[in-house]
Amino acid sequence: QVQLVESGGGLVQAGGSLRLSCAASGGRFSIYTVGWYRQAPGNQRELVATVTNTGSTNYADSVKGRFAISRDNAKNMVYLQMDSLKPEDTAVYFCSLGPVLFKMYWGQGTQVTVSS
């Protein structure tokens, strides 16, 4: 089974930057779409960014121009570079892989808090 482990979250001032990392293991990585989602208290989990096996990216409108997703297939890693952070970016960020036969795989999440 696939395991995903996020790291890199923390507390940052508005306008600052963070880079999130996600390490994948236990399954094939290179052929699947990977991405980042986030969930704030009381809200639904929402898509932040995805990158396909061919490198095509997709971003939520709210993060376009500020966030960049990337992947390193040789290391089974996916990253999210977050610049110009805003308080409304505060959420738990989850790494994802899939769908694999209709199933999505998720990491445990990492907290990102942006202070004003």
Side-chain angles (χ1 to χ4, degrees):
Q1 68 277 19
V2 174
Q3 290 184 301
L4 302 168
V5 180
E6 303 97 333
S7 62
L11 175 64
V12 65
Q13 290 184 320
S17 297
L18 285 173
R19 190 173 89 144
L20 306 183
S21 299
C22 174
S25 63
R28 298 182 71 181
F29 177 82
S30 63
I31 68 170
Y32 297 110
T33 295
V34 293
W36 291 94
Y37 292 69
R38 67 187 182 188
Q39 188 168 21
N43 290 352
Q44 299 281 353
R45 187 172 297 185
E46 65 175 354
L47 184 147
V48 177
T50 60
V51 56
T52 70
N53 62 317
T54 59
S56 296
T57 57
N58 182 52
Y59 296 93
D61 287 343
S62 60
V63 307
K64 285 181 179 176
R66 300 189 298 120
F67 291 9
I69 189 170
S70 61
R71 67 192 297 167
D72 186 337
N73 289 337
K75 297 181 178 180
N76 287 1
M77 296 287 292
V78 57
Y79 307 97
L80 185 68
Q81 179 66 44
M82 305 186 294
D83 297 326
S84 301
L85 282 161
K86 303 174 180 179
E88 51 262 44
D89 295 318
T90 296
V92 177
Y93 284 70
F94 297 89
C95 181
S96 71
L97 181 147
V100 182
L101 297 177
F102 307 106
K103 182 177 180 179
M104 295 287 291
Y105 291 87
W106 301 95
Q108 83 287 351
T110 185
Q111 177 70 47
V112 172
T113 303
V114 184
S115 62
S116 58

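Bear in mind that the values here come from a model prediction, so they are computed numbers and not experimental data.
Using a 4.5 Å cut-off between side-chain heavy atoms of Ile, Leu, Val, Met, Phe, Trp and Tyr, with links allowed through other members, Y59 and Y79 fall into different hydrophobic clusters. A single hydrophobic cluster is seen to contain both V48 and V114, as judged by linkage of ILVMFWY side chains at heavy-atom distances under 4.5 Å, directly or through other members. In this structure, Y32 is not a member of the same hydrophobic cluster as W106, with clusters built from ILVMFWY side-chain heavy atoms closer than 4.5 Å.
Residue G98 comes nearest to M104 through the heavy atom pair C-SD, 3.4 Å, listed as atom of the first residue, atom of the second, then distance. Closest non-hydrogen pair, L85 versus R66, comes out as CA-NH1, 3.9 Å. Contact detail for S84 and S17: the closest heavy-atom pair is N-OG, 4.4 Å. Contact record, I69 with A49: CD1-O, 3.6 Å, taken as the closest heavy-atom pair. In terms of heavy-atom proximity, S21 sits nearest to M77 at CB-CE, 3.9 Å. Taking all atoms of both residues into account, the shortest heavy-atom contact from Q111 to A91 is NE2-O, 3.4 Å.
Considering only heavy atoms from C-beta on, V78 comes within 4.5 Å of C95 through its side chain. You'll find the side chain of L97 reaches within 4.5 Å of the side chain of L4, heavy atoms only. Inter-residue side-chain proximity for E46 and Y37 is flagged as unmet; no heavy-atom pair is nearer than 4.5 Å. The shortest side-chain heavy-atom distance between V2 and V100 does not fall under the 4.5 Å cut-off. Proximity of L80 to R19: side-chain heavy atoms (C-beta onward) are nowhere separated by under 4.5 Å. Considering only heavy atoms from C-beta on, N53 stays 4.5 Å or farther from T33 through its side chain.
Here the OH atom belonging to Y93 is positioned 12.0 Å from the CD atom belonging to Q39, to the nearest 0.5 angstrom. With rounding to the nearest 0.5 angstrom, the CG atom of L20 is 12.0 Å from the CZ atom of F94. Interatomic distance, C22 SG to Q3 CD, rounded to the nearest 0.5 Å: 11.0 Å.
A cation-pi arrangement is present between R71 and F29 under the rule of less than 6.0 angstrom and at most 45 degrees off the ring axis.
Checked options D89, V112, L47, N43; the residue passing with R38 is D89 (criterion: side chain to side chain contact (heavy atoms under 4.5 Å, CB included)).
Using a distance-only test at 3.5 Å, with no hydrogens or angles considered, a donor-acceptor pair links the side chain of E6 to the main chain of G109.
For W36 and F67, the ring centers are positioned 6.0 Å apart or more.
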